[in-house]
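Encoded as C-alpha cells, the structure appears first; notes follow it.
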Amino acid sequence: MENIEGLTINESEYDLENNKKGKIAVFIYTGGADPSKILNYAVNEYVGNNDYHELIDANLDNPWMRVIISDINDMKQEPFTPRKHRITNNL
C-alpha cells in the first residue's frame, strides 16, 4: 500500500546515553475510514520487528493520533527539577 490519504507522520530523533539515536513519531489521521485500523496498520509498518512504546490518549477520546517512541530505557534520565525542566524554551 502506498500513501494513505489523510495520514501524516512527524518524526524526530533524540540522543541516547549509548551515543545512538532514538526516534519519536507522531501519526495523525484525518481521513474518513476507521482511525484505529489505519493507525494500527501504519504503526505496524513503521516499527516492523523493532521494540517500541506506543502512547495513546489517556481519555481514549482522540483515536486519530498515536505517538511511537523507541529506546525509552536508553534515554538520559536525571532528577526532575521544576525550574529547569519545562516544555517551553525561552532562550
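None of the values given here were measured: they were computed from a predicted structure.
Every residue two or more places apart in sequence or in another chain that forms a side chain to side chain contact (heavy atoms under 4.5 Å, CB included) with Asn18 is listed here: Leu16, Lys20, Asp74. Listed by chain and number, the residues in a salt bridge (charged side-chain N to carboxylate O under 4.0 Å, His left out) with Glu54 are Arg66 (sequence neighbours excluded). Applying the salt bridge (charged side-chain N to carboxylate O under 4.0 Å, His left out) criterion to Glu78, with sequence neighbours excluded, gives Lys76, Lys84. Residues passing the side chain to side chain contact (heavy atoms under 4.5 Å, CB included) test with Gln77, sequence neighbours excluded: none.
For the atom pair CD1 of Ile72 and CG of Leu55, the computed distance is 6.5 Å after rounding to the nearest 0.5 Å. Atom-to-atom distance recorded for Asn40:CG and Glu45:CD is 12.0 Å, nearest 0.5 angstrom. In this structure, CD1 on Ile9 lies 11.5 Å from CD1 on Ile4, to the nearest 0.5 angstrom. Ile69 contributes atom CD1, which lies 8.5 Å from atom NE2 of His53 (distance to the nearest 0.5 angstrom).
Residues Leu39 and Pro63 share a closest heavy-atom pair of CD1-O, 3.2 Å.
At least one side-chain heavy atom of Tyr14 sits under 4.5 Å from a side-chain heavy atom of Met75.
When the side chains of ILVMFWY residues are joined at heavy-atom separations under 4.5 Å, either directly or via intervening members, Val67 and Tyr46 end up in two distinct hydrophobic clusters.
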For residues 22-38, dump all side-chain donor-acceptor pairs below 3.5 Å to protein atoms at least two apart in sequence or in another chain.
unit_1: Lys23; atom_1: NZ; unit_2: Glu11; atom_2: OE2; d: 3.3
unit_1: Tyr29; atom_1: OH; unit_2: Gly32; atom_2: N; d: 3.3
unit_1: Tyr29; atom_1: OH; unit_2: Ala33; atom_2: N; d: 3.0
unit_1: Thr30; atom_1: OG1; unit_2: Gly6; atom_2: O; d: 3.3
unit_1: Asp34; atom_1: OD1; unit_2: Ser36; atom_2: N; d: 3.0

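Within 6.0 Å of atom CG in Asn19, 12 or fewer heavy atoms from other residues, nucleotides or ligands are found, so the atom counts as exposed in its surroundings.
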TODO: Kindly indicate, with the supporting measurements, whether the criterion side chain to side chain contact (heavy atoms under 4.5 Å, CB included) is fulfilled by Val43 and Tyr52.
DONE: CA-CA 10 Å; Val43 168; Tyr52 68 99; 3.9 Å; yes
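Residue pairs that meet the ring pair (Phe, Tyr, Trp, His ring centres under 6.0 Å) test with at least one member in residues 61-82, sequence neighbours left out, are Phe80-His85.
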